[in-house]
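One structure is given here, and the rest of the page talks about it.
Remember, it's a predicted structure, so these values are computed and weren't measured experimentally.
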Amino acid sequence: MDEIRPFSVDRGEVFKALLLSPSSGWPVWATLAVGLIVTAAGMAVDARFVMLGLMICVAVTPGLVAFVYFSHTLDPEMVANLLPHTLERVEGGFRLCLWRRRDEDEPTGDTPEEAPGGWMRTGMISLSDEKITGRKTTFGYEVLYFKDSPMKILYVPRF
């Protein structure tokens, strides 16, 4: 058996996809636009509006960005992309296996859940091609969107 080399999707790639997606990025862009408009209007009207607009841009918008990022990346239907995993193309879909490093004090054995390199399989998710509802291609990944599936979003590396 070859050495198992699990990977995880780059968090920056997920962040960029979230911000550029209209369904999840619009609150961030709307808040930033409101902050800039209030700042620009404050320059003509009152300095207090400048301060309010800058507070929206510097405090509210980053807080909203953090909320959007964590609410999407901690979603059980998405989090498997960010954990160490292997992705295998099988007939009619994908097989995603989740892996973790074996603890040093754990006994070793030759079970199907163990692999060379100190990795232990902790779970497996099967995804069907029939449930794909959309695709999007980014620089490093092809993003597949599923419906009625254990995962809603799957990042497939482009080699």
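The hydrophobic cluster containing Leu98 does not contain Met120, counting ILVMFWY residues as joined when their side-chain heavy atoms lie under 4.5 angstrom apart, directly or transitively. If you chain together hydrophobic residues whose side chains sit under 4.5 Å apart, Val45 and Leu52 fall into the same group. One hydrophobic cluster, built from ILVMFWY side chains closer than 4.5 Å, holds both Leu18 and Leu74. Both Phe70 and Tyr155 belong to a common hydrophobic cluster when Ile, Leu, Val, Met, Phe, Trp and Tyr are linked at side-chain heavy-atom distances under 4.5 angstrom. Residue Ile56 is not grouped with residue Val65 when hydrophobic side chains (ILVMFWY) are merged at heavy-atom distances under 4.5 angstrom, including chains of intermediate members.
For Arg158, the side-chain hydrogen bond (donor to acceptor under 3.5 Å, both in side chains) test picks out no residue, with sequence neighbours left out. For His85, the ring pair (Phe, Tyr, Trp, His ring centres under 6.0 Å) criterion is met by Phe7, not counting sequence neighbours. Partners of Glu142 according to the side-chain hydrogen bond (donor to acceptor under 3.5 Å, both in side chains) rule, which considers only residues two or more places apart in sequence or in another chain, are Arg135. With sequence neighbours left out, Phe146 forms a ring pair (Phe, Tyr, Trp, His ring centres under 6.0 Å) with no residue at all. The side-chain hydrogen bond (donor to acceptor under 3.5 Å, both in side chains) search around Ser23 returns Ser21, not counting sequence neighbours. In terms of the side-chain hydrogen bond (donor to acceptor under 3.5 Å, both in side chains) criterion, residue partners of Glu88 (sequence neighbours excluded) are, by chain and number, Arg95.
Note: Ser126 OG to Phe94 CZ = 12.0 Å, rounded to the nearest 0.5 Å. Atom OG1 of Thr31 is separated from atom CH2 of Trp26 by 8.0 Å, given to the nearest 0.5 angstrom.
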Stepwise side-chain contact (heavy atoms from CB on, under 4.5 Å) check, Tyr69 with Leu19: CA-CA 9 Å; Tyr69 176 76; Leu19 286 183; over 6 Å; no
Using side-chain contact (heavy atoms from CB on, under 4.5 Å), reason through Ile153 and Leu144 one step at a time and then give a plain yes or no. CA-CA 6 Å; Ile153 300 173; Leu144 304 176; over 6 Å; no
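Other cluster members for Leu54: Met43, Val50, joined by side-chain heavy-atom distances under 4.5 Å among Ile, Leu, Val, Met, Phe, Trp and Tyr. Hydrophobic cluster of Val90: no remaining members, since no ILVMFWY side chain lies below 4.5 Å from it.
The backbone N or O of Pro6 lies less than 3.5 Å from no partner atom in the side chain of Thr86, so there is not a single donor-acceptor pair. Side chain of Trp99 to main chain of Leu83: no donor-acceptor pair is present (N/O by atom type, distance under 3.5 Å, no hydrogens or angles). For Lys136 (side chain) and Val143 (main-chain N/O), no donor-acceptor pair under 3.5 Å exists by modelled atom type.
Asp129 has its side chain out of reach of Glu91: every pair of non-hydrogen atoms, C-beta onward, lies at least 4.5 Å apart.
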Give the table of side-chain donor-acceptor pairs shorter than 3.5 Å for residues 8-15, with sequence neighbours excluded, one pair per line with atom names and distance.
residue : atom : partner : partner atom : Å
Arg11   : NH2  : Leu82   : O            : 3.0
Glu13   : OE2  : Thr138  : OG1          : 2.9

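Environment of CZ in Phe49: sparse, with no more than 12 heavy atoms of neighbouring residues, nucleotides or ligands closer than 6.0 Å.
The cationic group of Arg100 does not satisfy the cation-pi geometry with Trp119, failing either the under 6.0 Å distance to the six-membered ring centre or the 45° limit from the ring axis.
The list of side-chain hydrogen bond (donor to acceptor under 3.5 Å, both in side chains) pairs with a residue in residues 41-50, not counting sequence neighbours, reads Asp46-Arg48. The side-chain hydrogen bond (donor to acceptor under 3.5 Å, both in side chains) contacts involving residues 51-65 comprise nothing, where partners must be two or more places apart or lie in separate chains. Sequence neighbours left out, not one pair with a member in residues 70-83 passes side-chain hydrogen bond (donor to acceptor under 3.5 Å, both in side chains).
Among Val34, Val28, Leu36, the single residue meeting the side-chain contact (heavy atoms from CB on, under 4.5 Å) criterion with Leu32 is Leu36.
Of all the heavy atoms in Pro150 and Ile125, the pair that sits closest is CB-CG2, 3.7 Å.
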